[in-house]
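Notes for the one structure printed next.
Atoms within each ligand, like the ligands themselves, are counted from 1 in listed order.
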Amino acid sequence: MKDTVVKTKEEWKKLLTPEQFHVLREKGTEQATTGIYNNHHEHGVYLCAGCGLDLYRSEDKYESGTGWPSFTAPIALENITTSEDNSLFMNRTEVLCRRCGGHLGHVFRDGPEPAGLRYCINSAALHFVPAK
Ligand code: FE
């Protein structure tokens, strides 16, 4: 993907809500069950709230019971990047938007079969567009 989105902190602050900024640009985590897409079952696509890249599909969303939107897979692996995150005394794999580098959440290996992955994504990092 060549069209990388690069903005300064000030530019992002103008574009995003404080919560979106905290999650996407400061690697924040929204409180469990508080996100707008936690209990959300419409048919459509979840885009990056920062740059609009399509990240997840409603077909891959499932009820993990964790309080965060959970997906078994991204729309395309090349739309995300992952990075090792050893903060907060945990070993986790961070998930980021490939285009703008925004922090989305983490991916864990306790998801449903066959892939066994749980993409635990902050609602604040996403923007849902219903299917037409
Ligand atoms: Fe993005």
Side-chain angles (χ1 to χ4, degrees):
M1 186 163 305
K2 281 171 279 171
D3 58 331
T4 308
V5 172
V6 180
K7 293 182 193 298
T8 65
K9 192 176 159 182
E10 271 55 50
E11 288 171 325
W12 282 121
K13 272 202 168 160
K14 277 182 210 151
L15 270 174
L16 304 171
T17 68
E19 196 184 13
Q20 288 172 335
F21 181 85
H22 179 57
V23 170
L24 285 164
R25 309 313 312 180
E26 299 182 321
K27 304 187 188 299
T29 300
E30 68 199 13
Q31 258 193 296
T33 73
T34 63
I36 52 170
Y37 301 131
N38 175 44
N39 207 345
H40 183 262
H41 305 282
E42 281 180 59
H43 182 60
V45 174
Y46 295 84
L47 312 181
C48 173
C51 73
L53 183 65
D54 46 331
L55 297 175
Y56 293 95
R57 260 189 282 265
S58 56
E59 287 86 340
D60 299 315
K61 193 174 189 292
Y62 76 102
E63 288 308 310
S64 65
T66 58
W68 289 278
S70 301
F71 302 89
T72 53
I75 281 179
L77 272 178
E78 57 263 31
N79 289 10
I80 58 159
T81 53
T82 55
S83 160
E84 209 175 313
D85 173 5
N86 293 311
S87 66
L88 304 175
F89 305 100
M90 288 184 273
N91 178 256
R92 296 180 294 174
T93 303
E94 180 188 5
V95 183
L96 304 108
C97 172
R98 171 87 71 164
R99 187 152 72 184
C100 71
H103 170 83
L104 305 173
H106 292 87
V107 58
F108 300 94
R109 302 203 154 272
D110 57 8
E113 294 301 319
L117 295 178
R118 169 172 60 97
Y119 286 85
C120 183
I121 305 298
N122 291 280
S123 297
L126 300 173
H127 171 69
F128 179 75
V129 176
K132 289 181 195 105

Checklist entry - Which residue, Thr4, Asp3, Thr81, Asn79, forms the side chain to side chain donor-acceptor pair (under 3.5 Å) with Arg99? => result Asp3
Next on the checklist: Tell me whether Tyr37 contacts the main-chain N or O of Phe128 through its side chain, where contact means a donor paired with an acceptor under 3.5 Å.
Outcome noted: yes
Next on the checklist: With a 3.5 Å distance limit and no angle check, can you tell me whether Glu30 reaches the backbone of Ala124 through a side-chain donor-acceptor pair?
Outcome noted: yes
Item to check | Residue and atom, protein N/O/S, under 2.8 Å of the Fe ion (ligand 1) | outcome: Cys48 SG, Cys51 SG, Cys97 SG, Cys100 SG
Checklist entry - What salt bridge (charged side-chain N to carboxylate O under 4.0 Å, His left out) pairs are there with at least one residue in residues 81-96, not counting sequence neighbours? => result Lys27-Glu94, Asp85-Arg92
Checklist entry - Do you know which of Ile121, Leu104, Asn122 makes side-chain contact (heavy atoms from CB on, under 4.5 Å) with Val23? => result Asn122
Checklist entry - For the side chain of Arg118 and the backbone of Phe108, is there at least one donor-acceptor N/O pair under 3.5 Å apart? => result no
